[in-house]
Amino acid sequence: MLGLFAFMVIPINVDANEDSFNYYGMGTIVQFDADGNEIYQESVHNRIVDTGETFLIEQSFKEGTAGETVDADQIASICLTAEVGFAPGETLVVGGVGGFDTDDNIAGGNTNCISDTAVSTATPQTAVIGPETFQSGGTHVPDGTIVTGIGICQGSGTTPFETCAAAQ
Amino acid sequence: MTPREQKIFMFVAIGLVIFGIYYSLNSQTLFGIFLEQLGPVNWDEVHERNIAKVSIPVTLLEKDKNRCLLTAESFDKIANNQYFVRADELVNKLQYDIDKKTIVLSCDELPAEKSRLNVWIVLEESSNHPTKYEYFLTEWVETPKE
């Protein structure tokens, strides 16, 4: 009986991928016979191969490759927020009136966003923004600022800059 | 050990086993994984990405009390699906006749003479309910061609 109990509580290290973000697509294949009647249907996820992952990263991040999504729309910045009660959520409207995009509870005139001029894709299937150094004392944030969150935003021609919204 | 001590020991051991069952159902344990295989699929615990959904048309051939014989011309595509590890179970359960291409179902499960046999398969790579499956029938609605 004690042996059974011991067996019951043996932990197992299961990969908790179910709740983690997985970028995937679902394809539905429908087969028709010669008369045009449906005879079979299947829906299954696709697998994004390395080339596809690289392509998606190059479209999304401002790494400087020509002939793709306009650079101004690509992701390349790190912005800080000092909004009280900031919490990440599905939409941008968390903490503050306009949400992370426009309201960061950091005094105007402070440039708490820094844009990377060329996101690194040196490691395959990985995009690296930064590293970026934020200074207090009026450079990026005032002295005594309590940073409550960090957001990743589109790149900006001018760096540093004030809010995530200004990057677009 | 006195009989009284034996009784106490037995009750404690039974209590630990009951606790162990409850604990393994709510935690990632070897026994929990084993128990999970015995019950039905909880689809809320399975990520959409880890479900393969297949379906074929089936048509009523004959009815004998609550036993319905149906044609299933494309059932082999389900049975041979690369993700369907436990296909043999369904083949046996539905009494698939490979020569006549027929299956047997309870008539209660049949919504109409021509219906869609749906089989949802949990992929092996799923961390919850791997390789399990369920089948169900729905009304036949032709998939429009583009």
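Below, each value reflects all heavy atoms present in this structure, side chains not excepted, and no hydrogens, waters or symmetry copies. Predicted model, so just to flag it, every value in this text is computed and none were measured.
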By a 4.5 Å heavy-atom criterion (distance strictly below it), what part of B:Glu142 contacts chain A: side chain, backbone, both, or neither?
both
Expected contact set for residues 32-40 of chain A against chain B at heavy-atom separation under 4.5 Å reads A:Phe32, A:Gly36, A:Asn37, A:Glu38, A:Ile39, A:Tyr40
Same cluster (ILVMFWY, side-chain, under 4.5 Å), A:Phe55 and A:Val49:
no
Are B:Val58 and B:Trp140 linked, directly or through other ILVMFWY residues, by side chains that come within less than 4.5 angstrom of each other?
no
Are B:Leu110 and B:Leu90 joined in one hydrophobic group, where the rule is that I, L, V, M, F, W and Y side chains link up if heavy atoms are under 4.5 Å apart?
yes
State, yes or no, whether a side-chain contact exists between A:Glu42 and B:Lys77 at a heavy-atom distance under 4.5 Å.
no
B:Asn81, part contacting chain A, at a heavy-atom distance under 4.5 Å:
side chain
Which bit of B:Leu123 comes within less than 4.5 Å of chain A, counting heavy atoms only: side chain, backbone, both or neither?
side chain
Is there a path of hydrophobic side-chain contacts, each under 4.5 Å between heavy atoms, that joins A:Ile75 and A:Leu80?
yes
Counting only heavy atoms not in A:Ile29, do more than 12 sit closer than 6.0 Å to its CD1 atom?
yes
Tell me, for B:Trp120 versus chain A, whether the close heavy atoms (under 4.5 Å) come from the side chain, the backbone, both or neither.
neither
Grouping I, L, V, M, F, W and Y whenever their side-chain heavy atoms are under 4.5 Å apart, do A:Phe134 and A:Ile150 come out in a common cluster?
yes
Of all the heavy-atom pairs spanning A:Met26 and B:Glu48, show the shortest one and how long it is.
CE-O, 3.9 Å
How far does NE2 of A:His45 sit from CG of B:Asn50, to the nearest 0.5 angstrom?
6.0 Å
Heavy atoms of other groups near B:Phe136 CZ, more than 12 under 6.0 Å
yes
Are more than 12 heavy atoms, taken from residues, nucleotides or ligands other than B:Glu139, located less than 6.0 Å from that residue's CD atom?
no
